[in-house]
Amino acid sequence: MVAERIQLGNLPQSQHQTLMAVFAQEAEADRMVERLAGLNIEMEQVGVIRVALGTVPPSVTSPASPVPLVSSRYSTIGIILGCLIALLLGLILYATNFLQLSFLEAFLVHTLALVILGGVIGGAAGAIWASVVAQKKAITLLPQSPEGYIVVVKTPLHLLAQCESLARELGAKRFLS
């Protein structure tokens, strides 16, 4: 038979355990890494992470209306205003006889060219205005200062007690194993 029965009792046991120690200063974390090298722990098994241990920042509330709706609203208003302004400009040019066109030609020029051009320009202006409004309403997180360093060590089981005492000796705020 192709499949064999898996016996969970025969699985290889983990020969390493992870130790995490939190230090206040970078120098303490560096000393921990140096001392771990003296215990013949491979440097691939050691990692240092810079963390912010301060207070939790206040929760960020989402804006009342989603940004895409606001953007489409401003774009639509811009398109309508652009079309109306272009149509009014075309009518003024036609009334002053600046454009010497027949009624059919003037109708096509006004509706197709000027109104579409006005809509495109108005839509672009509306989208730009929406992005300006969105930037003003953007909420920024409060800056956090990094206050600690976590040293993560994957240590062999026989060196776990030595790594814990080393972390205590170097002034770890807390550690987990």
Side-chain angles (χ1 to χ4, degrees), residues 2-3 14 16 18-34 36 42-154 172-176:
V2 177
S14 172
H16 291 82
T18 303
L19 171 75
M20 293 186 295
V22 181
F23 293 97
Q25 302 294 325
E26 186 176 12
E28 296 169 345
D30 289 339
R31 270 189 263 132
M32 173 81 174
V33 172
E34 289 172 6
L36 288 172
E42 297 177 19
M43 287 298 108
E44 292 86 27
Q45 305 296 330
V46 178
V48 178
I49 304 168
R50 187 177 190 177
V51 294
L53 300 174
T55 59
V56 177
S59 62
V60 178
T61 58
S62 61
S65 61
V67 176
L69 292 178
V70 173
S71 176
S72 66
R73 183 181 311 137
Y74 283 115
S75 296
T76 304
I77 290 171
I79 289 170
I80 292 170
L81 287 176
C83 289
L84 290 176
I85 290 171
L87 185 62
L88 182 65
L89 179 67
L91 288 174
I92 291 172
L93 290 175
Y94 184 71
T96 58
N97 239 357
F98 186 75
L99 296 175
Q100 308 241 339
L101 304 171
S102 68
F103 179 73
L104 183 61
E105 290 173 337
F107 182 73
L108 288 174
V109 168
H110 292 159
T111 56
L112 292 179
L114 293 176
V115 173
I116 292 173
L117 179 64
V120 169
I121 293 172
I128 291 170
W129 183 253
S131 68
V132 168
V133 169
Q135 285 179 352
K136 287 182 182 177
K137 290 183 180 179
I139 300 171
T140 57
L141 291 176
L142 299 173
Q144 292 184 349
S145 61
E147 298 176 359
Y149 297 87
I150 296 179
V151 177
V152 181
V153 183
K154 186 175 177 183
K173 288 183 178 181
R174 47 195 289 214
F175 62 92
L176 304 166

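Note that the structure is a prediction, hence the values are computed from the model and not measured. Residue numbers count from 1 along this sequence.
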| message | Looking at every heavy atom in both A86 and G118, which two are closest together, and how far apart are they? | response | CB-CA, 3.9 Å
| Inter-residue atom distance S75.OG - I128.CD1, 0.5 Å rounding | 9.5 Å
| message | Minimum heavy-atom separation for S72 and T76, please, with both atom names. | response | O-OG1, 2.7 Å
| query | Near Q25 CD, under 6.0 Å, is it more than 12 heavy atoms from other residues, nucleotides or ligands? | reply | no
| request: Rounded to the nearest 0.5 Å, what's the gap from CD1 on I121 to SG on C83? Could you check? | output: 10.5 Å
| Euclidean distance, E34 CD relative to R31 CZ, rounded to 0.5 Å | 8.5 Å
| said: Which residues pass the side chain to side chain contact (heavy atoms under 4.5 Å, CB included) test with E44, not counting sequence neighbours? | reply: E42
| For I77, all residues meeting side chain to side chain contact (heavy atoms under 4.5 Å, CB included), sequence neighbours excluded | R73, L81
| query | Taking only residues two or more places apart in sequence, or in another chain, which ones meet A29 in a side chain to side chain contact (heavy atoms under 4.5 Å, CB included)? | reply | F23, V48, Y149, V151
| field | For the student: nearest non-hydrogen atoms of M20 and I150, plus distance | value | CB-CG2, 4.3 Å
